[in-house]
Amino acid sequence: MRLAILGTGRMGEALLSGLLRVGWTTPDQIRCTVRRADRAQALADAYGVHATTDSAAAVADADVVILAVKPQNMHDLLDAVGPKLRTGQTVISVAAGVRTKTIQDWTPDGVPVVRVMSNTPVQVDEAMSVIAPGTHARSADVEVAREILGAVGRVISLPEEQLDAVTALSGSGPAYLFLLAEAMIDAGILLGISRDTATELIVQTMIGAAHMLRDTGKHPVELRENVTSPGGTTISAIRVLEEERVRAAFLNAIEAARDRSIELASD
């Protein structure tokens with residue numbers, strides 16, 4: 001398929017790299033657009049693709065168009081390319097908070113749009129992506145989106161009205177885990193362990209715990225209880241976390257992120 005990636009920043013480049021790595025398409029079938037000519041040249045040199053600053057030209061013969069610009073730049077992009085999009089193309093938006101209706105309002109009637117909410121682990125092929133079809137999206141369009149995002153992680157489908165919650169959970173989720181890792185590393189330093197050693201201990205612990213959650217199929221409560229011996233060290237720590245209302249803080253924080261996502265979409 002001929003692919004146009006409009007806005008080849010971190011997310012766009014991660015998708016580009018993943019798709020080429022799994023052989024979903026070939027460099028000669030890809031058109032990438034960026035704002036600066038030097039950045040376009042760097043992409044062309046790195047991946048062998050045709051890179052340009054002209055988004056309108058890039059979509060002319062594309063089968064699939066990925067809108068990967070920052071949300072605040074979406075209106076300018078759609079002003080330039082929206083009227084040129086066609087019903088035979090699949091349009092995939094990875095811009096956080098931008099509704100499919102917003103994109104459909106800037107494009108000819110019937111253009112299929114699929115909205116995607118992904119997260120930063122797309123850079124290491126471990127993204128969690130959620131796809132939501134717009135009004136005109138067909139099953140084939142959804143499948144194309146699933147294939148593309150599947151090259152850089154896991155993919156599920158949900159109704160679009162749930163994507164604000166998805167943004168709060170998995171979209172912002174890596175930041176919560178990074179904050180937790182930071183706090184645990186600082187705790188290690190407080191207890192006399194070097195920063196490098198504390199970092200190694202915590203990072204591998206988080207990786208191992210994540211694999212257990214994913215691969216065993218067990219509920220988090222069961223896995224936690226397996227670590228929590230009666231009268232032991234873990235239950236002492238968990239008692240403090242519960243007394244400090246850490247669980248409630250997470251609930252409130254994620255709800256606040258969901259509310260902010262709704263606000264941003266209505267701006």
Side-chain angles (χ1 to χ4, degrees), residues 1-71 73-74 76-96 98 100 103 106-108 111-127 129-131 133-134 137-138 140-155:
M1 286 188 177
R2 293 166 298 185
L3 175 68
I5 303 176
L6 310 185
T8 316
R10 289 183 181 178
M11 175 67 77
E13 185 175 358
L15 290 173
L16 167 64
S17 175
L19 291 172
L20 290 175
R21 192 163 50 251
V22 301
W24 189 83
T25 187
T26 56
D28 61 298
Q29 295 287 81
I30 301 178
R31 302 289 182 268
C32 297
T33 70
V34 289
R35 287 190 166 189
R36 303 191 325 270
D38 60 331
R39 169 66 174 162
Q41 187 60 54
L43 288 170
D45 292 342
Y47 299 103
V49 299
H50 178 77
T52 177
T53 58
D54 188 347
S55 293
V59 305
D61 62 349
D63 299 303
V64 180
V65 178
I66 299 178
L67 309 179
V69 296
K70 294 179 180 179
N73 297 327
M74 182 62 81
D76 289 341
L77 176 66
L78 291 175
D79 187 45
V81 307
K84 301 180 183 300
L85 296 173
R86 309 183 306 276
T87 56
Q89 295 172 314
T90 299
V91 177
I92 301 171
S93 171
V94 297
V98 180
T100 56
I103 299 171
W106 287 74
T107 58
V111 171
V113 178
V114 179
R115 180 182 168 191
V116 174
M117 183 64 226
S118 194
N119 56 15
T120 55
V122 68
Q123 299 173 45
V124 292
D125 296 346
E126 289 290 351
S129 300
V130 179
I131 57 179
R138 303 151 298 196
D141 300 305
V142 173
E143 186 56 33
V144 167
R146 184 178 293 276
E147 288 180 12
I148 289 175
L149 274 301
V152 289
R154 296 199 172 198
V155 186

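Fair warning: this is a prediction, and the values are worked out from it, not measured in the lab.
Here the options are Leu3, Thr25, Val49, the test is side chain to side chain contact (heavy atoms under 4.5 Å, CB included), and the partner is Leu16; only Val49 passes. The side chain to side chain contact (heavy atoms under 4.5 Å, CB included) with Ile131 is formed by just one residue from the set Val116, Val94, Ile92; it is Val116.
In this structure, CD1 on Ile66 lies 6.0 Å from CG on Leu19, to the nearest 0.5 angstrom. Considering CD1 of Ile148 and CZ of Arg146, their distance stands at 12.5 Å, rounded to 0.5 Å. Going from atom CG of Asp79 over to atom OG of Ser55 covers 12.0 Å, rounded to the nearest 0.5 Å. Atoms CZ and SG, on Arg39 and Cys32 in that order, are 9.0 Å from each other to the nearest 0.5 Å. Here OH of Tyr47 is found 8.0 Å from CG of Leu20. Values are rounded to the nearest 0.5 Å. Put simply, OG1 on Thr87 and CZ on Arg138 are 7.0 Å apart, with the number rounded to the nearest 0.5 Å.
Of all heavy-atom pairs spanning Gly18 and Val152, the tightest one is CA-CG1, 3.9 Å. The two atoms that bring Ala60 and Arg86 nearest to each other are O-NH1, 2.8 Å, heavy atoms only. Between Ala44 and Ala51, the closest heavy-atom pair is N-CB, 4.3 Å. Across all their heavy atoms, Ala58 and Thr33 have their closest contact at CB-CG2, 3.5 Å. The shortest heavy-atom contact between Trp24 and Val64 is CH2-CG2, 4.4 Å. What you find for Thr100 and Arg115 is that their closest heavy atoms are CG2-CB, 3.6 Å.
The stretch residues 54-67 participates, sequence neighbours left out, in these salt bridge (charged side-chain N to carboxylate O under 4.0 Å, His left out) pairs: Arg2-Asp63.
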(request) Please step through side-chain contact (heavy atoms from CB on, under 4.5 Å) for the pair Val113 and Asp141, ending with a clear verdict. (result) CA-CA 8 Å; Val113 178; Asp141 300 305; over 6 Å; no
(message) Using side-chain contact (heavy atoms from CB on, under 4.5 Å), reason through Met1 and Thr90 one step at a time and then give a plain yes or no.
(response) CA-CA 11 Å; Met1 286 188 177; Thr90 299; over 6 Å; no
(request) Dump the intermediate steps for side-chain contact (heavy atoms from CB on, under 4.5 Å) on Val122 and Met11, then the final yes or no. (result) CA-CA 7 Å; Val122 68; Met11 175 67 77; 3.7 Å; yes
(message) Pair Val91, Thr107 - check side-chain contact (heavy atoms from CB on, under 4.5 Å), show working.
(response) CA-CA 10 Å; Val91 177; Thr107 58; 5.9 Å; no
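Among residues two or more places apart in sequence or in another chain, the side chain to side chain contact (heavy atoms under 4.5 Å, CB included) test is passed with Pro83 by none.
Side-chain contact check for Leu43 versus Glu13: some heavy-atom pair is nearer than 4.5 Å. Side-chain atoms of Ile103 and Val111, non-hydrogen and from C-beta on, never get closer than 4.5 Å to each other.
Here the side chain of Gln89 pairs a donor or acceptor atom with the backbone of Ala62 at under 3.5 angstrom.
More than 12 heavy atoms of other residues, nucleotides or ligands lie within 6.0 Å of CZ in Arg21, so this atom counts as buried by the packing criterion.
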